[in-house]
Amino acid sequence: MSGPRIVIVDDAEELSRASADLVAETITRVPAASVVVATGRTPMGLYAELAARRQAGVIDTDGITVIQLDEYLGLDADDRRSLFGWMRRSFLDPLGIRDERVIRLPLDGDLSERCAAFDRCLEARGGIDVAILGLGANGHLGFNEPPADRDARTRAVDLSVVTIRSNAAYWGEVADVPTQAVTVGLRALLSARTIVLLVSGRGKNEIVHRVIEGPIGPEVPASFLQEAGDAVTVFADLAAWGDDG
Ligand code: PGA
């Protein structure tokens with residue numbers, strides 16, 4: 001099996017266009033695709049690009065099902081920091097996806113039982129067609145914080161200090177960032193038929209090379225993408241990849 005395909009583009013704008021080509025092609029081929037949608041800053045341009053293409057009648061997203069990637073624990077549904085709220089504003093509303101086409105993570109009750117049921121539901125639906133993912137400064141995918149094994153199931157997690165610090169940029173300060181979350185597990189993500197990893201900006205330079213070229217293991221959860229072969233396309237801009245890349 002060949003390794004991940006690496007697409008290096010000039011800048012964030014080109015990253016959005018190039019990744020939109022791949023996502024649009026997949027949705028056109030599989031109109032009822034199950035799509036995992038990350039929040040974070042990096043995929044916002046991709047979502048805007050997809051929305052523009054839908055507006056122009058170039059793609060049809062009516063048949064897709066959206067699967068939530070991760071969510072903080074302990075927030076009210078209408079909290080400004082809700083990642084579902086962010087996904088609604090950036091993806092669901094612009095792409096006209098109705099609530100009944102969204103599979104949400106469990107946030108209360110017996111989380112270990114309910115997360116296991118979530119994984120069973122994903123499997124029963126035939127798994128994930130497209131996972132759109134960003135890369136954490138610590139090498140996480142979703143909130144699969146290091147160490148995370150390739151077999152990690154959907155579950156509640158404690159957020160790492162690195163993640164809390166970087167998420168502070170979204171919400172104000174470190175004290176604004178919840179300390180726990182639920183995340184789709186690596187096992188489900190790594191078995192997606194198409195995995196789109198978006199990496200932008202100088203701050204990701206070191207980690208993206210560890211992910212793609214470094215040793216594979218739980219300390220860099222995204223390094224398991226090396227084993228997912230040609231299902232994976234990494235889109236990196238020059239700032240992230242480095243000019244000497
Ligand atoms: P970012 O977040 O897109 O805001 O850099 C990525 C992540 O932490 O997974």
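Atoms within each ligand, like the ligands themselves, are counted from 1 in listed order.
Taking the six-membered ring where the residue is Trp, H209 and W241 present tilted rings, their angle falling between 30° and 60°.
In the displayed structure, R29 atom CZ is contacted under 6.0 Å by more than 12 heavy atoms of other residues, nucleotides or ligands. Counting heavy-atom neighbours within 6.0 Å of E206 CD, excluding the residue itself, gives a total of 12 or less.
The closest protein non-hydrogen atom to atom 5 (O) of ligand 1 is K204 NZ, 2.7 Å. The protein non-hydrogen atom at the shortest distance from atom 6 (C) of ligand 1 is L135 O, 3.5 Å. Nearest protein neighbour of atom 8 (O) of ligand 1, counting heavy atoms only, is H140 NE2, 2.9 Å. Regarding atom 2 (O) of ligand 1, its nearest protein heavy-atom neighbour is Y170 OH, 3.1 Å. With respect to atom 3 (O) of ligand 1, the closest heavy atom belonging to the protein is T42 OG1, 2.5 Å.
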Apply the test salt bridge (Lys or Arg N to Asp or Glu O under 4.0 Å) to residues D119 and R187: give CA-CA distance (whole Å), side-chain angles for both, the deciding distance (0.1 Å), then the verdict. CA-CA 9 Å; D119 278 339; R187 180 186 157 99; over 6 Å; no
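Every atom of ligand 1 is numbered from 1 in the order shown, and the set under 4.0 Å from a heavy atom of G40 is 3 (O), 4 (O). Ligand 1 places these atoms under 4.0 Å from at least one heavy atom of R41: 1 (P), 3 (O), 4 (O).
Every N/O-N/O distance between S166 and ligand 1 stays at or above 3.5 Å.
The residues R17 and D10 are annotated as not salt-bridged, no charged nitrogen and carboxylate oxygen being separated by less than 4.0 angstrom. Taking a cutoff of 4.0 Å between a charged side-chain nitrogen and a carboxylate oxygen, R101 and D99 do not qualify as a salt bridge.
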